[in-house]
Amino acid sequence: MYHWILLGIEPTKDKRAIKLAYTQLLKQTPPTEFPEEFKALRKAYDQALEEISKSDDDANDNSASWHDASLKAFQPQLDTDIEDTQDEVFSEPPPSSNHETDDDELVEFSTIKTISQLNLALTQLYSDISVRHNLEQWKMLFAAPIFWDVNQSNALTVNLLDFLSKHYFLPENIWTFLDTSLSISGSLSISGDDTTRQIAVALSGYIKTLPKRIHDGLVVGISEHVDFKNLQRHLEIRNYIEDKCLYDTLTTEDLENVAEQIGPEFKNDFPLYNYIVKYLWTLNSYSAIKRILEPLTIPQTEEDLLNYQAHAEYKLKNYEAALALYLKQEHNYRVLCTKVMFKYIGLCYLKLNNYEKAYLYLDAKLAAIGDMELEVALITARRGYIRELRADEAKNAIKIATLLYENGRYQDALSITEQYKPIFVEQANYLQALCLCKLHRFEEAYSEFLVFIDLYNQRQLWGWPLVVDLLRYCYDLITYEVLVDTLQEHIASFQDFYKTDFFPGSTKPRCYSEQEMDILELTREDDSVRRPVESLGHTESLQIFALAILYIRDTELVAYADTSVVDDFQRNVLNYIKEIKQLMLYNPRDCLKFLEAAFDQQDFDTCIMLADIAIKGLRAAPQAYYFKGCALLELNQYDTALAAFQQAAHEYNTHPYAVHSLNSAIKCCEELIEQGLPYAQQRTALCQQLQDTKERVDGQ
């Protein structure tokens, strides 16, 4: 009865209850820490199982065969190869779900004490399709008593290596566990035994290449009722393709021949087909891709395969077939409110000379940075669409001019705006002013802006989008009267910013018409009614930039008696500029407008940032070099400030600021000399240069 007391349960014939009690106590008494307690616990567990086995069937010797005297004297120890996985080794396995193999009785992992039992268990586990990929099953197998016997360690390792060298179709997570447990890539790969070392090295190579193999070596979506021999054959096909792709090369013919050998029950091994198709794509074997994929029933979830199928048709110039596949793909994604296939749909329509649909689909796809294929296709589609619209030029004048403007044909767009000016005035469209700005005819553009501001005031239209464009392009031309009497009435706060882009020259948001929505098969519920020409962030950045420009222009034109007002304006401006730094990177000339404000507010970091953007983006930027030098001088970075002032003086040439730059450069030299640095000779040269520059400036 002592064994029941030690297990902490009442006498029972329930094996699960005994195992559960044993498992719970085992976690509290690991052998390495409590060897004596563990031996007593194990003995109690064995005695409890032996007792119920005898009561069930006294004649059944097999049920207690492993309780003989020799085994009772057995002192379990951990195999040194799996000491690092102690917690896993000491976990008692639940009842196995394996099905029987070769009519042998299913081996319980907790009873495995001989290599023959282990081999049978390995075969059963590996052959059971439903559990062979289950990592927990392998962990429970490695917790069997045989792994505790250090005397069997070498024979056990050799046996496992031999088995794994012939049964290696396992996923990466299981191989990681096996490698950790057996040190295949470690000590075994440098073993003194030639056979052991060769097998370990081979297996180690296989393990290292698993991330490059098909689905990490994992076969998914295969029925557990598939014949095991057929599965093995399929896995061999996989391995042949993987090895060839990794270490050799395959021809298109090779891959097609192998693909034909894939059994009908494995036609849904889509990771394998994906692997094959990707390789064929690198060979430009589009016809082969079509032949391999056409007979398959590819579900919507296999996005890559469906895309390759459509792309192959496109490459084969079967544009109508490709279009049908792309449209089907887009329809599948419609629930996600995405436009992932719009680019390819547009490309197909372009090849089919349907320019209107090509333009709409390409224009609806938000272009990734550097997607030259999309940009070129969109330009081509616009050209074709413009030719179609010219059939009724007067009716489509605004649309034609807008498309020309978007294609960068500003002079042609300007001609349309001038030819049909009454139409543009009637529609309150100031595209003519924008075209003039793009052609650097800013004074004419400024006059045109003022005409439309009056028009907007008369019609009580929202003037903020127009003001944003005016401030963006004609900043220097704004007068005090226009600023005070006109612009200040149209300033928008952050809460009133528009959240979508507008058509160029218009206060109409860039939304689709009902006809365009029908063509694109969009519904208002899709939240897809806005054209994604500009991101919300870019649209908001332009408005923030306009506010910054307005405040700077205000400080230049208005003589405030209270200097704190100017300080407040400048601080707001600098906060705005920091918020739209990305926009400033693409507008280096505009950075010059904010340099003085940044320096006046002693925000030297922002001053240097703006100067660097201007220096990098402009051919000549003496103002940027000058203010960068001033900021660096205030930060006591005299050597870099000296270089900036010298460059400023060079670019200013005979401008009076060249004198200021040289004076500051000399000051930097003096500071460096005080620090004991050898700048005396350079100071002398700068003094002579300053004298020469003053003479040239005074002589002008």
Side-chain angles (χ1 to χ4, degrees), residues 355-356 359-360 363-364 378 381-383 385-439 441-442 444-474 482 486-487 489-490 492 496-520 524 529-534 539 542-543 546:
Y355 296 110
E356 181 183 11
Y359 165 71
L360 288 176
D363 186 55
L378 185 55
R382 282 201 199 100
R383 288 174 178 169
Y385 190 28
I386 290 168
R387 287 196 297 271
E388 293 176 353
L389 291 171
R390 285 189 185 275
D392 192 345
E393 191 172 88
K395 178 183 177 181
N396 299 314
I398 292 180
K399 182 173 284 188
I400 292 171
T402 301
L403 294 174
L404 287 168
Y405 179 86
E406 290 178 347
N407 252 14
R409 294 171 60 185
Y410 304 123
Q411 185 60 56
D412 292 340
L414 179 62
S415 299
I416 296 291
T417 63
E418 292 172 340
Q419 183 177 354
Y420 299 98
K421 190 174 182 65
I423 295 176
F424 285 84
V425 172
E426 178 63 28
Q427 296 296 321
N429 187 294
Y430 58 94
L431 184 60
Q432 183 177 355
L434 293 180
C435 292
L436 290 167
C437 288
K438 293 295 186 181
L439 295 169
R441 295 159 61 178
F442 296 111
E444 296 173 69
Y446 180 66
S447 300
E448 191 70 18
F449 274 124
L450 295 183
V451 170
F452 274 89
I453 286 177
D454 290 339
L455 180 64
Y456 277 40
N457 288 336
Q458 294 170 15
R459 298 184 184 179
Q460 296 183 336
L461 297 174
W462 188 34
W464 177 238
L466 186 155
V467 172
V468 170
D469 284 332
L470 169 61
L471 291 168
R472 184 182 179 188
Y473 292 109
C474 299
V482 171
T486 305
L487 297 186
E489 297 178 4
H490 295 279
D496 298 325
F497 277 2
Y498 48 91
K499 304 301 181 185
T500 184
D501 195 28
F502 286 78
F503 283 110
S506 171
T507 56
K508 294 181 179 178
R510 294 186 61 93
C511 296
Y512 299 112
S513 66
E514 294 295 332
Q515 177 191 1
E516 290 171 342
M517 290 178 68
D518 289 340
I519 291 173
L520 296 172
R524 296 196 183 279
V529 294
R530 295 188 180 93
R531 296 175 185 265
V533 172
E534 302 287 4
T539 301
L542 289 177
Q543 297 175 82

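On a predicted model such as this, the values are computed, not experimentally measured, just so you know.
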Would you say [X] and [Y] make side-chain contact, with heavy atoms under 4.5 Å?
X	Y	value
Leu434	Tyr473	yes
Leu461	Leu466	no
Phe503	Ile398	no
Pro504	Glu406	yes
Tyr446	Leu470	yes
Glu356	Gln515	yes

Notebook entry, point to check: What do you reckon, is CZ of Arg441 surrounded by more than 12 foreign heavy atoms closer than 6.0 Å?
Noted result: yes

Notebook entry, point to check: Can you name the residues that form a side-chain contact (heavy atoms from CB on, under 4.5 Å) with Arg390, not counting sequence neighbours?
Noted result: Ile386, Glu393, Ile400, Leu404, Ile416

Nearest non-hydrogen partners of [X] and [Y], listed with the distance:
X	Y	value
Asp469	Tyr430	OD2-OH, 2.7 Å
Phe442	Cys437	CE2-O, 3.5 Å
Tyr498	Thr539	CE1-CG2, 3.6 Å
Ala492	Phe497	O-CE1, 3.8 Å
Tyr405	Tyr410	O-CE2, 3.4 Å
Ala413	Ala401	CB-O, 3.5 Å

First locate atom [atom1] of [X], then atom [atom2] of [Y], and finally report the distance between them rounded to the nearest 0.5 Å.
X	Y	atom1	atom2	result
Arg409	Leu414	CZ	CG	13.0 Å
Lys399	Tyr385	NZ	OH	3.5 Å
Thr402	Arg382	OG1	CZ	10.5 Å
Tyr355	Leu360	OH	CG	15.0 Å

Check: Is a donor on one side and an acceptor on the other found under 3.5 Å between the side chain of Asp363 and the backbone of Tyr359?
Finding: no

Note to self: Please check this pair: side chain of Asn429 against backbone of Leu431, looking for a donor-acceptor N/O pair closer than 3.5 Å.
What the structure shows: yes

Atom pairs and distances, side-chain donor-acceptor, residues 448-458, under 3.5 Å, sequence neighbours left out:
from   : atom 1 : to     : atom 2 : distance (Å)
Glu448 : OE2    : Lys421 : NZ     : 2.8
Tyr456 : OH     : Ala428 : O      : 2.7
Asn457 : OD1    : His490 : NE2    : 3.0
Asn457 : ND2    : Ile453 : O      : 3.3

